[in-house]
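Single-structure report; data block below.
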There are 2 protein chains.
Amino acid sequence: MTAGSHGPRLIPGPSVTISDVAEAAGVSRQTVSNVLNAPDRVRAETRERVNRAVSDLGYHPNRAARSLRASSPRMVGCRILPVHAETVASIQDRFLHALAEAGQACDHHVLLFTAPDADEETERCTALWRAGAVSAVVLYDVTPHDPRPRQLEAAGVPFAAFGRTATGAAGYSWADVDNTAGTASAVDHLVAAGHRRIGFLGWPEGSSVGDSRAHGWLAAMDRHGLLAQSHRLDVRGDDTMSSGTRLMVELLDRPGPPTAVVAATDALGVGALHAVRHHGLRPGEDVAVVGFDDTPAAAAVGLSSVRQPIEEVGRLIMAELLRLVGRNADEDVDEAAESLHRLLVPELVVRASSAPPRSAPGG
Amino acid sequence: MTAGSHGPRLIPGPSVTISDVAEAAGVSRQTVSNVLNAPDRVRAETRERVNRAVSDLGYHPNRAARSLRASSPRMVGCRILPVHAETVASIQDRFLHALAEAGQACDHHVLLFTAPDADEETERCTALWRAGAVSAVVLYDVTPHDPRPRQLEAAGVPFAAFGRTATGAAGYSWADVDNTAGTASAVDHLVAAGHRRIGFLGWPEGSSVGDSRAHGWLAAMDRHGLLAQSHRLDVRGDDTMSSGTRLMVELLDRPGPPTAVVAATDALGVGALHAVRHHGLRPGEDVAVVGFDDTPAAAAVGLSSVRQPIEEVGRLIMAELLRLVGRNADEDVDEAAESLHRLLVPELVVRASSAPPRSAPGG
DNA sequence: AGCCCAGGCTTGAACGATAAAATCGATCCG
DNA sequence: CGGATCGATTTTATCGTTCAAGCCTGGGCT
């Protein structure tokens, strides 16, 4: 690059203001503002002239100024969690993408922040909101005894949650995925394919998500009249692939082994698939396996999996936040009874690991 | 909750302004501002009085107003990619977290946006920058023939990249990970453990990352005087677990099978591990396997893996952006020669799949 | 006493956009 | 033909913060 750097600036600078546009179009600032925000108030001819000036100069209204005047930053805050080694398969990236995409449709953006724990998260949320950096925040992965919703309510910060607490969830807006329905639909699918001895690979009791998924399996087994044998087919361990393999081997070695299993996660499911192959059995034909979360790993190995409708969750949450802060500007609380409380049903993605419907139940 | 909702508002509203603080402390707006931004200009006693008022009222300076006045939004934009089914293991979430964490240290935040393709990404970056929503943007996963750096340079948008193009990379700031050094260090590690027949599982030629990793393996083999046999130990296929298993089976069935393999990704590595087990061999003892990217899956199955120092990349990029926009305010370009050009060396994480150092090379 | 000076604080003026009110022309109607 | 009405545009004021300049007050010096 042989310099020549003192030439005229051809690129429009970052600071084209509404006054520049007004001057170029021969009108006042407010007219430009009207063209952009209330076009019907301006004569067609003027409008066109202003629009030309806008695109000629490459004008974009300054967000800070607009936020200041409107006292609405058009921003939504969301904590991004660190990726721990134990986190086998996170769907946080899908969630954040869905949120960003949903926001973009209505000129809102997602602001990321980090926090070491829940308390700090609440604190940061509050600070961001008080500073007018965000008009609302999103809570990701809210668990039954999560302190965050209560804390944010106390601080008066508008929010919506992905997941919900055991108590007090009526007071705030949330969207959640019905884990119970997810494993139940997996059982239904397997029963329809002719399976009757359907096992479950899960985590030890105590986690809400794990318990829901276990319960969905058990309830569906009961519904299909298969409860009697279920206790022999229920094994628990860590949420890892190797654990899945180990548990599956254990099941297959028992008398009256399962012809199909529902795994609480894809990690367990992928592990189970390998155990099946290791036993010289064909996945999907001899033994069917269904996972949970439809992570890329499941797609890669052809594992059927229950997919959470994260994109839908993102859309719902963003829409709800817009409603919340829009309403706030109008009246105060009071109609809080109309909060969002939506339990979404996940969808089973069928792949080779459970694909060929069996006409007759195998021995 | 038995209403009683018309009580006084105990929670401090979102709109505590600097004037409120000033009034409470019995000083002027500017003095409050000085206490916060240039404490040494204010007498200690006054400072303390103001500080008390600040914390009593829960005052946080309004970001929009500050951004407007300083014409610096203290925000950095970054596109979030959708999670495709083919994306076996993304490290984007780690990167975004690192970026957010690094920014937070100096009161900067990350703004997420989405875009369907590179051109649209450039356009959105430009729009965000022109609107003063971000002071700079970050490019993630820049490939050798990526159009984005050129486009952003043309638009005058300050940016830094994770990854770099084949040409013109001297003109902008980037940090990248040395893939070649990564696979080479894996080979070194295996040679030190006594291995001599070290195979490679990779993708077909044509992708920059894949080729670099292949080249690192080959060069290291050469360096250790093992080049002669390398052509028999180099197999390529898709970046999936099942592909990894298939390729590894193929290698193990050849005459003079490898006692160790380097996989271009964790997906291939995990697949290879299963092939090893399927052959009745013990991973790490009979055959060693090393993956790449140190994804959670690798940790879960005990696969040694080459870990990219993403956190370091995030820190470097954020620091560089601050330098860039700070400099911009001062002088114009000109010292662009001092851009960041940093090639980081990844680090091998040793786990059971290659753990026990062998004193004597096995047959 | 009168003057200067400096530290400590306050006042005025931006930053860029927009809601609300004022202005200007032109049209309409009794 | 005068006043009312209405549409199109401009002017004014404001959001909350900070820079630049101004204003006190008290102390030191001549």
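Letters A, B, ... are given to chains in the order of the sequence lines, protein chains preceding strands, and every chain is numbered from 1.
Distance Arg130(A) CZ to dT17(D) C1': 19 Å, rounded to the nearest Å. Separating the CD atom of Glu23(A) from the P atom of dT10(D) is a distance of 13 Å, rounded to the nearest angstrom.
Crowding of Arg74(A) atom CZ: a count of heavy atoms from other residues, nucleotides or ligands under 6.0 Å exceeding 12. Within a 6.0 Å radius of CZ in Arg342(A), other residues, nucleotides and ligands contribute 12 heavy atoms or fewer. Crowding of Glu120(A) atom CD: a count of heavy atoms from other residues, nucleotides or ligands under 6.0 Å exceeding 12. Annotation: Glu23(A), atom CD; neighbour count of heavy atoms from other residues, nucleotides and ligands within 6.0 Å does not exceed 12.
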Scan nucleotides 16-24 of chain C nucleotide by nucleotide, 5' to 3', and note B when protein non-hydrogen atoms come under 4.0 Å of the base, S if they reach only the sugar-phosphate, - if neither. BBBBB----
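Using a 4.0 Å cut-off between a side-chain N of Lys or Arg and a carboxylate O of Asp or Glu, Arg124(A) and Glu121(A) do not qualify as a salt bridge.
Interatomic distance, Leu112(A) CG to Cys78(A) SG, rounded to the nearest 0.5 Å: 7.0 Å. Between the CD1 atom in Ile310(A) and the CZ atom in Arg94(A) there is a gap of 5.0 Å [rounded to 0.5 Å].
The C1' atoms of five pairs define one axis at each end of the helix from dA1(C)-dT30(D) to dG30(C)-dC1(D), and these two axes lie 70° apart (to 10°).
For dA8(D), the OP1/OP2 oxygens have no side-chain nitrogen or oxygen of Thr46(A) closer than 4.0 Å.
Between the side chains of Asp141(B) and Gln92(B), no donor-acceptor pair is found at a separation under 3.5 Å.
Residue contacts shown for Ser67(B) are absent, as no nucleic acid heavy atom lies under 4.0 Å away.
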